[in-house]
Amino acid sequence: MSGESIVRIGVLLPDVLGTYSDRGNATVLAQRLRWRGVDADVITVTAGSRPPGDCDVYVIGGGEDAAQSFAAEWLRRHRQLRTRLQTAHVFAVCAGLQVLGHWVEGVDGRRRPGLGILDLTTSPGRRRSVGEVVASCVLPGVGTLTGFENHRGVTRLGPDAAPLAAVVHGVGNGSGDGGEGALTPTVIGTYLHGPVLARNPALADHIVHTVTGRDLSPLELPDQDDVRHVHLAVAARRPLDPLRRIRAALCRPRHG
Ligand code: GLN
């Protein structure tokens, strides 16, 4: 962490890769830090702004192919940020995951360079992968992940990246090995939207823990369990507990 005890969270290009509101991942991280008494600043880094090179954690989201190509060039152009992304904590979703790799091949067959921070490459699949995903996360204590995917890209990992999770329902990376996302000691990438950290609080807390180095006090959030039950049941096509369904529908955002 930089400075005294304030965690700086940079949201990269939400104006470009913002199709699925993945910037909500930064809101979740900031709020889970604040609930633990740790100050957090969310710094929005739009395409017209000068990106800060001193954030503790950066998040980047998903979007369309053209937006993604723009984002890849923009990221490659900002050298200070690019250097920082090699050591900072990074949480990347879908297009964000793809542009952190070596290259992304478009439907035109052209390979556009990424940042090379993750040992992976992406090529177009035969059809889009769209729908709910359930995956079993390899990170200890994180458990089952849920989210939704909408991508054409198929991602192949090299030896320096491991999958974040094993797919139970859905497609994920789509390379045939059942892997979902990518993991290094500082970078987590996933195909899951949601925002995925709202749906999967244990993954959010894993990031909060790695960024702060602190042991975290548990949070009593009963609504969260109800919402999670509904997502898991829907994704796995299991019947819903009617009471949890009603409680999840009624749950209100919490402030403070
Ligand atoms: N454009 C990319 C693809 O279709 C990423 C999509 C996304 O971010 N949801 O594979």
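Every number for a ligand or one of its atoms is a count from 1 in the order of the listing. The chain is numbered in sequence order, starting from 1. Quick caveat: nothing in here was measured; it's all calculated off a predicted structure.
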Less than 3.5 Å apart, N/O on ligand 1 and N/O on the protein: could you list those pairs with the distances?
from	atom 1	to	atom 2	distance (Å)
ligand 1	1 (N)	G63	O	3.1
ligand 1	1 (N)	D65	OD1	2.5
ligand 1	1 (N)	Q68	OE1	3.0
ligand 1	4 (O)	R128	NH2	3.2
ligand 1	4 (O)	R152	N	3.0
ligand 1	8 (O)	G63	N	2.9
ligand 1	8 (O)	G63	O	3.3
ligand 1	8 (O)	A95	N	3.0
ligand 1	9 (N)	N150	O	2.8
ligand 1	9 (N)	H193	NE2	3.1
ligand 1	10 (O)	Q98	NE2	3.1
ligand 1	10 (O)	R152	N	3.1
ligand 1	10 (O)	G153	N	2.8

Which pairs pass salt bridge (Lys or Arg N to Asp or Glu O under 4.0 Å) with one or both residues in residues 179-194, sequence neighbours excluded?
-> none
Would you please name every residue forming a salt bridge (Lys or Arg N to Asp or Glu O under 4.0 Å) with R36, sequence neighbours left out?
-> D205
Have Y191 and T155 got a donor and an acceptor in their side chains that come within less than 3.5 Å?
-> yes
Are side-chain heavy atoms of V168 and T144 found at a separation under 4.5 Å?
-> no
Please confirm whether the backbone N or O of E149 pairs with a side-chain atom of H193, one donor and one acceptor, at under 3.5 Å?
-> no
With H78 via ring pair (Phe, Tyr, Trp, His ring centres under 6.0 Å) - residues at least two apart | W74
